[in-house]
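Have a look at the structure below before the remarks.
Model, not experiment: these values are computed from the prediction. FYI, side chains are in, hydrogens and waters are out, and symmetry mates aren't considered; it's all heavy atoms of this structure.
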Amino acid sequence: SGMWQYEMHCYRRGSYQSSTSDEDMVEITGASLDFSMADDDPPLDREMGGFSSYNGGGMNGTSKMMDFLEEPLPGVGTYEDFNTIDWVREKSRDRDRHREITSRSKESTWALIHSVSDAFSGWLLMLLIGLLAGSLAGLIDISAHWMTDLKEGVCLAGFWFNHEHCCWKSNITFTDRDKCPEWKSWSQLMIGHGEGAFAYILNYFMYVIWALLFSLLAVLLVKGFAPYACGSGIPEIKTILSGFIIRGYLGKWTLIIKTITLVLAVSSGLSLGKEGPLVHVACCCGNILCHLFTKYRKNEAKRREVLSAAAAAGVSVAFGAPIGGVLFSLEEVSYYFPLKTLWRSFFAALVAAFTLRSINPFGNSRLVLFYVEFHMPWHLLELIPFILLGIFGGLWGAFFIRSNIAWCRRRKTTKLGKYPVLEVFVVTAITAILAFPNEYTRMSTSELISELFNDCGILDSSKLCEYVNDFNSTKGDDLPDRAAGQGVYTAMWQLALALIMKVFITIFTFGMKVPSGLFIPSMAVGAIAGRLLGVGMEQLAFYHHDWVIFSGWCSQGADCITPGLYAMVGAAACLGGVTRMTVSLVVIMFELTGGLEYIVPLMAAAMTSKWVADAIGREGIYDAHIRLNGYPFLEAKEEFSHKTLAMDVMRPRRNDPPLTVITQDSMTVEDVEAIINETTYSGYPVVVSRESQRLVGFVLRRDLIISIENARKKQDGIVSTSIIYFTDHSPPLPPSSPSMLKLRSILDLSPFTVTDQTPMEIVVDIFRKLGLRQCLVTHNGKLLGIITKKDVLKHIAQLANQDPDSILFN
């Protein structure tokens, strides 16, 4: 009808127009003719059954074939390993499913119950994830604590008690609480006394042996059973949440091995923490529990929402910080985070924290690892040292990222990567040999941090608290600033040595083939630096309380500076410098320590460290590792600022052979199979015909392969010369031809298209916000090329002067 109107229009105008415009008109009419006469719309009589005699057995034959194809095949719409999921398709599938359930629920009571249970399944899943993640975290905490103490000695009352629990039953004075008779060091067990050089050497030897044993066992388990269990896991989880598929990364083997080896790696005294890997463990729990519900098992996008919530539960149990966990998931790991996921992660984090609290792994009925009791107000002038700590944290973070990435790149490119067991052995040996003589590195890192955060009370027996006491000026529990005694000086240089060791050894530890988190080591570095600065400030205020800067607020005999607070701020600054978190970092820090008054100092330090670190190197440690491993991760926070067009990025390029396409109703089964075998693309555009290149839709390679294989097995008369068609109705063919294969059900009729003149910043935005796999490029309505997510990433890498082939996976 459009055609008819157009011709009438030409007829009316053509009669009184000059000849030139008449020719123009003819051209236009030709174009429009091409548009309407090409076989897009089948002639009416075909629908009425006019051609039905061609198709083998008349109408019955076709209808039987139709029924066969309408049931979706198993495997259609699923993805290969190392592919990107199509968010748009997954979301629309879930909406269809939801619509169907809602419409059915009005019909019968049973369907209503089904729809209620379907709505409830998400919350039930969160509950299960919280319970499982909390229990595993409790298990990991308890066993790691016990095995860490096992390196130094054993409890005679029962070997399953760690040092602290062993001494609880003992009726000794508070000051001797570390020397209870039930706890024997290895030298006391073997030679009967714990003093002297020989006993020291024996303890030293046992410490190193246990450390080597634990770490070797860890690396052998990882290497033998679950190679995906190594490292922190957060870069990969970030990539998976952005829509990438790594099969087995969140599987049951990874979960079992990661849980066991995490305990071993932490207890071996290596410079690593358990916090990052706990996120991976929680995500494994989430992925495994997803299999209980079809809604999540069948839909990759829904599963990603569950994994976001699981990551929140992971941080919640790692630090005992439920809100910090939700914010961490939002700020650091998640790619697509709708409001519903926010509520669900909140619930999952709550359940996980509650479970951990009821297990009570630390025996002090607190979730937090490093509880601080001091509530001294801080003075405005103290912001200056806090900001200095922020600068230190930023510098350290940037330095750490640079050197760690350089070392990991060496590991990938040189022979070093072929000997993971040897590497772990050597690093553990060096760590243990350097760590034992210094009591601050000998203890586990979390104990060290909690000691550094601690403020000195009257009863503290630690070396950090050996001040010269002047007891006649004591008012209640607050001790005034005092002169440092011998113990404090010893502690200072020991801490300085510990700082140097931690700074360098962590570079080589993170990225080895054992589970390793980065939170605790970087917090330790910051806490040591902060404590050193804090004690320095304290002594300065003690000896020079008449200086201008101290005179207003620090009178003699007052307690004005709390070194533990400096340690806290330093820890936040270093962690911020490495991971570039801001909001979630501050929330995690005050949930971790319970120090609500210190939000402002923490914010100042976190912000400063982020600015300083960003000025030196743009990306945090996780993004750097994603880039090093070449994962296809499209950063949602970065701006795309270059003036390029879609035609500069799309394939095929100017001199390449033309785009591989499938026509809608003229190719045979063997033609399509030949295309599949000759190319490795993950999908093909379907066009009306080779000449017109007008787009019909997009079909995925995997779906094509499965459908053709299936048809050959189960459908009669499908041979290599059968025509494949994607239209609603079969094309007219001579009666002798073999029966045809209708594949309209696997055709995506709404592929995203942009024109060749679209600016790349818009294309990148579309890819980011909608989570596309590919986008087709048209010119004047004709298909021209295709842009995949990988092309976008390569283009961004090229503009940033990096090697575009570093993006490995398809």
Side-chain angles (χ1 to χ4, degrees), residues 69-102 118 239-247 287 290 293-308 334-338 340-341 632-634 636 661-662 664 676 681-687 695-708 710 726 742-754 763-778 783 786-793 809-810:
L69 263 176
E70 285 317 299
E71 304 162 8
L73 301 174
V76 166
T78 55
Y79 301 95
E80 299 277 351
D81 200 0
F82 296 123
N83 273 16
T84 307
I85 70 165
D86 194 339
W87 286 91
V88 179
R89 188 172 78 167
E90 296 292 311
K91 280 188 215 159
S92 72
R93 262 151 113 202
D94 186 64
R95 276 194 297 271
D96 292 346
R97 195 194 58 85
H98 195 239
R99 240 178 257 127
E100 191 184 351
I101 289 178
T102 321
D118 179 76
T239 312
I240 288 174
L241 286 177
S242 80
F244 194 52
I245 286 181
I246 308 180
R247 292 234 185 285
N287 189 46
C290 272
F293 303 92
T294 39
K295 172 175 169 181
Y296 295 103
R297 186 173 64 234
K298 296 255 176 77
N299 194 306
E300 293 288 345
K302 295 297 282 179
R303 201 185 302 182
R304 299 280 182 290
E305 291 177 25
V306 174
L307 293 180
S308 289
S334 294
Y335 190 78
Y336 169 67
F337 202 85
K340 189 165 70 177
T341 310
F633 179 72
L634 192 55
V661 293
I662 294 176
Q664 67 173 358
I676 290 173
Y681 308 124
S682 56
Y684 307 96
V686 177
V687 294
L695 184 64
V696 180
F698 193 82
V699 64
L700 289 176
R701 171 199 188 90
R702 185 182 169 95
D703 295 356
L704 260 183
I705 296 173
I706 292 173
S707 307
I708 292 177
N710 199 56
F726 294 95
K742 175 171 182 177
L743 292 182
R744 191 171 178 85
S745 59
I746 62 168
L747 180 66
D748 174 14
L749 285 168
S750 54
F752 273 80
T753 55
V754 294
V763 177
V764 171
D765 238 14
I766 292 175
F767 269 93
R768 251 182 223 154
K769 299 219 167 76
L770 296 171
L772 298 184
R773 293 179 76 173
Q774 72 275 319
C775 181
L776 299 170
V777 184
T778 58
L783 180 65
I786 184 169
I787 298 178
T788 62
K789 187 167 174 183
K790 197 178 167 187
D791 294 330
V792 174
L793 287 161
F809 300 109
N810 247 327

Original post:
Do the side chains of Ile240 and Ile245 get nearer than 4.5 Å, heavy atoms only?
Top reply: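 No - every pair of side-chain heavy atoms lies 4.5 Å or more apart.
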Original post:
Do the side chains of Ser682 and Lys790 get nearer than 4.5 Å, heavy atoms only?
Top reply: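 Sidechains of Ser682 and Lys790: no contact.
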Would you call [X] and [Y] a salt bridge, using N to O less than 4.0 angstrom?
{"X": "Arg97", "Y": "Asp94", "answer": "yes"}
{"X": "Asp118", "Y": "Lys302", "answer": "no"}
{"X": "Asp96", "Y": "Arg99", "answer": "yes"}

Original post:
About how many Å separate CZ of Arg247 and OH of Tyr79, when rounded to the nearest 0.5 Å?
Top reply: 10.5 Å
Original post:
Say you draw a straight line from CZ of Arg304 to OG1 of Thr341; how long is it, rounded to the nearest 0.5 Å?
Top reply: 13.0 Å
**OP:** Let me see the working for Leu776 and Leu695 under side-chain contact (heavy atoms from CB on, under 4.5 Å), right down to the final yes or no.
**Re:** CA-CA 9 Å; Leu776 299 170; Leu695 184 64; 3.6 Å; yes
Original post:
Among Cys775, Pro751, Ser750, which one satisfies side-chain contact (heavy atoms from CB on, under 4.5 Å) with Phe698?
Top reply: Pro751
**OP:** Sort out for me which residue in Leu704, Val687, Val696 forms a side-chain contact (heavy atoms from CB on, under 4.5 Å) with Ile662.
**Re:**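 Going through Leu704, Val687, Val696 one by one, the side-chain contact (heavy atoms from CB on, under 4.5 Å) with Ile662 is satisfied by Leu704 alone.
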**OP:** I would like to know whether Glu90 and Arg93 meet side-chain contact (heavy atoms from CB on, under 4.5 Å); could you show each step before the answer?
**Re:** CA-CA 5 Å; Glu90 296 292 311; Arg93 262 151 113 202; 2.9 Å; yes
**OP:** Test Asn83 against Arg773 for side-chain contact (heavy atoms from CB on, under 4.5 Å), laying out the working first.
**Re:** CA-CA 9 Å; Asn83 273 16; Arg773 293 179 76 173; 3.3 Å; yes
Original post:
Do Gln774 and Tyr681 get their side chains close enough for a donor-acceptor pair, meaning under 3.5 Å?
Top reply: no
**OP:** Go through the side-chain N and O atoms of Thr788 and Asp791 and say whether any donor and acceptor fall under 3.5 Å apart.
**Re:**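 Their side chains do contain a donor-acceptor pair, which is all the 3.5 Å distance test asks for.
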**OP:** Look only at the side chain of Arg701 and the backbone of Gly683, and say whether a donor-acceptor pair between them is shorter than 3.5 Å.
**Re:**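 A pair under 3.5 Å: no.
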